[in-house]
Amino acid sequence: METGVTPGDAHPTAWLAVSDTGAGIPADVLPKLSEPFFTTKPGHLGLGLAISRDIAAKHQGLLSLSNRPGGGAKAVLELPATGPEPA
């Protein structure tokens, strides 16, 4: 897991990245992951990622999923960094 704050002129961004070293996300599945009711698991609803992306968007953020170049997958949550400036 990685975390950080990317400074910006007016809008710094806080981010959290989680990655694994598995097989990654199949190329044909990757663009469909945020679609409501899309799932690769029998008996599941396929709403988890759609709801998570919606929550991030309602906070002016972004949730993205990608494959890592060396293998595995990576999820990154980016949100506007607000609050007091670090000392």
Side-chain angles (χ1 to χ4, degrees):
M1 182 168 59
E2 305 168 52
T3 61
V5 175
T6 303
D9 294 336
H11 306 288
T13 302
W15 56 269
L16 168 73
V18 179
S19 58
D20 67 24
T21 57
I25 303 166
D28 62 325
V29 171
L30 193 56
K32 300 175 188 177
L33 285 177
S34 65
E35 294 177 12
F37 304 108
F38 174 79
T39 183
T40 59
K41 299 177 181 177
H44 289 193
L45 292 177
L47 290 173
L49 288 173
I51 290 170
S52 298
R53 281 194 169 163
D54 189 48
I55 291 169
K58 288 191 186 307
H59 292 279
Q60 291 78 50
L62 175 68
L63 176 63
S64 60
L65 301 163
S66 62
N67 283 315
R68 297 177 52 213
K74 184 175 186 176
V76 180
L77 173 62
E78 299 176 63
L79 295 168
T82 58
E85 292 292 321

Exercise. Looking only at atom types and distance, does a side-chain atom of D20 sit under 3.5 Å from a main-chain N or O of A73, one as donor and one as acceptor?
Worked result: yes

Identify the heavy atoms of [X] and [Y] that sit nearest to each other, and give their distance.
X	Y	value
P12	V5	CB-CG1, 4.3 Å
S64	R53	CA-NH2, 3.9 Å
P36	L47	CB-CD2, 4.1 Å
L63	S52	CD2-CB, 3.7 Å
A17	V76	CB-CG2, 4.0 Å
L65	I25	CB-CD1, 4.4 Å

Mind checking whether [X] and [Y] sit in one hydrophobic cluster, side chains of I, L, V, M, F, W, Y counted as touching below 4.5 Å?
X	Y	value
L16	L62	no
I51	L45	yes
L79	I55	no

Problem set entry | side chain to side chain contact (heavy atoms under 4.5 Å, CB included) evaluation trace for T21 with R68 | CA-CA 8 Å; T21 57; R68 297 177 52 213; 3.7 Å; yes

Problem set entry | Gap separating the CG atom of L33 from the OG1 atom of T39, nearest 0.5 angstrom | 9.5 Å

